[in-house]
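Below you'll find the structure, written out as structure tokens, and then a few comments.
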Amino acid sequence: MDAGANFYQRVYQVLAAIPRGCVSTYGDIAMLAGSPCAARQVGGVLKHLPEGSKLPWHRVVNRNGQISLTGPDLSRQREALIAEGIDVSHEGKISLSRYRWKI
DNA sequence: AGCGTGACTCCTC
DNA sequence: AGAGGAGCCACGC
């Protein structure tokens with residue numbers, strides 16, 4: 001990880017490193033990006049993410065294992081997670097203890 | 001250079 | 001148990 005890289009760039013790296021079929025939380029990504037308390041900023045990064053991006057932004061959920069998004073984007077992320085084999089049928093909640101990615 | 005904002009998180013009532 | 005408020009960091013204006 002390059003020290004000269006911006007926070008956004010680091011988030012991209014961490015995001016791309018999340019294995020398929022796993023999820024991560026904003027707080028974890030922020031910590032891995034070098035700023036343990038910048039969870040909100042992680043959301044800002046994903047929001048700025050272009051639609052054509054190959055980054056698995058859908059593998060990012062909040063601390064509760066739920067999608068913090070609202071509206072159609074929420075459904076899209078949920079569908080993407082299901083497509084990766086992640087079970088979100090449990091009231092839209094994901095079992096972090098089972099799918100959460102940790103180094 | 002300073003203020004406001006947010007796809008978060010934690011603590012308290 | 002559920003709702004509300006404060007704290008935190010990086011970025012845009």
Side-chain angles (χ1 to χ4, degrees):
Chain A
M1 204 67 79
D2 305 76
N6 291 338
F7 181 76
Y8 272 50
Q9 210 64 43
R10 297 195 185 186
V11 172
Y12 294 153
Q13 282 284 124
V14 176
L15 204 57
I18 302 176
R20 183 183 173 285
C22 293
V23 298
S24 190
T25 67
Y26 295 94
D28 281 353
I29 293 176
M31 179 175 61
L32 294 172
S35 299
C37 296
R40 293 186 102 180
Q41 207 53 30
V42 174
V45 175
L46 301 183
K47 181 163 64 172
H48 258 260
L49 218 60
E51 295 184 13
S53 179
K54 307 295 186 300
L55 296 174
W57 62 272
H58 50 267
R59 292 179 191 151
V60 185
V61 295
N62 64 14
R63 194 63 191 178
N64 259 328
Q66 271 210 290
I67 301 173
S68 296
L69 285 169
T70 55
D73 287 336
L74 193 156
S75 304
R76 191 184 315 160
Q77 179 171 5
R78 189 179 56 197
E79 292 299 315
L81 291 172
I82 294 173
E84 301 216 338
I86 298 173
D87 180 24
V88 292
S89 307
H90 194 65
E91 298 183 357
K93 291 184 236 172
I94 299 172
S95 302
L96 287 178
S97 54
R98 177 174 178 174
Y99 296 109
R100 185 178 177 201
W101 173 63
K102 200 175 177 187
I103 304 182

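Fair warning: this is a prediction, and the values are worked out from it, not measured in the lab. Values below: all heavy atoms of this structure, side chains included; hydrogens, waters and symmetry mates excluded. Protein chains get the first letters and strands the later ones, always in sequence-line order, with residue 1 at the start of each.
One can place CZ of R10(A) at 12 Å from C1' of dA10(C), the figure rounded to the nearest angstrom. Rounding to whole angstrom units, OH of residue Y26(A) and C1' of dA10(C) are separated by 16 Å. Rounded to an integer number of Å, the gap from Q41(A) CD to dC8(C) C1' is 10 Å. We find that CG of L46(A) is positioned 19 Å from P of dC9(C), with the value rounded to whole Å. Atom NZ of K47(A) and atom C1' of dC9(C) are 15 Å apart (whole Å).
Among the atoms of the strands shown, none is found under 4.0 Å from any heavy atom of G44(A). F7(A) comes within contact range of the sugar-phosphate backbone alone, with a heavy-atom separation under 4.0 Å but no base atom that close.
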Quiz prompt | Test side chain to side chain contact (heavy atoms under 4.5 Å, CB included) applied to L49(A) and L15(A), step by step | solution = CA-CA 11 Å; L49(A) 218 60; L15(A) 204 57; 4.3 Å; yes

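Comment: R100(A) engages D28(A) in a salt bridge, judged by a side-chain N to carboxylate O separation of less than 4.0 angstrom.
On the nucleic acid side, DNA chain B has its first and last nucleotide under 4.0 Å of a heavy atom of chain A at dG6(B) to dC10(B), going 5' to 3'.
Cluster membership check: L32(A) shares its hydrophobic cluster with Y12(A), using side-chain heavy-atom separations under 4.5 Å among Ile, Leu, Val, Met, Phe, Trp and Tyr.
Judged by closest nucleotide on DNA chain C, R40(A) is the one of Y8(A) and R40(A) placed further toward the 5' end.
Exactly one residue among T25(A), N62(A), N64(A) makes a side chain to side chain contact (heavy atoms under 4.5 Å, CB included) with L96(A). That residue is T25(A).
Distance check, rounded to the nearest 0.5 Å: CD of Q13(A) to CG of L55(A) gives 9.5 Å.
A side-chain donor-acceptor contact under 3.5 Å links R59(A) to the backbone of I18(A).
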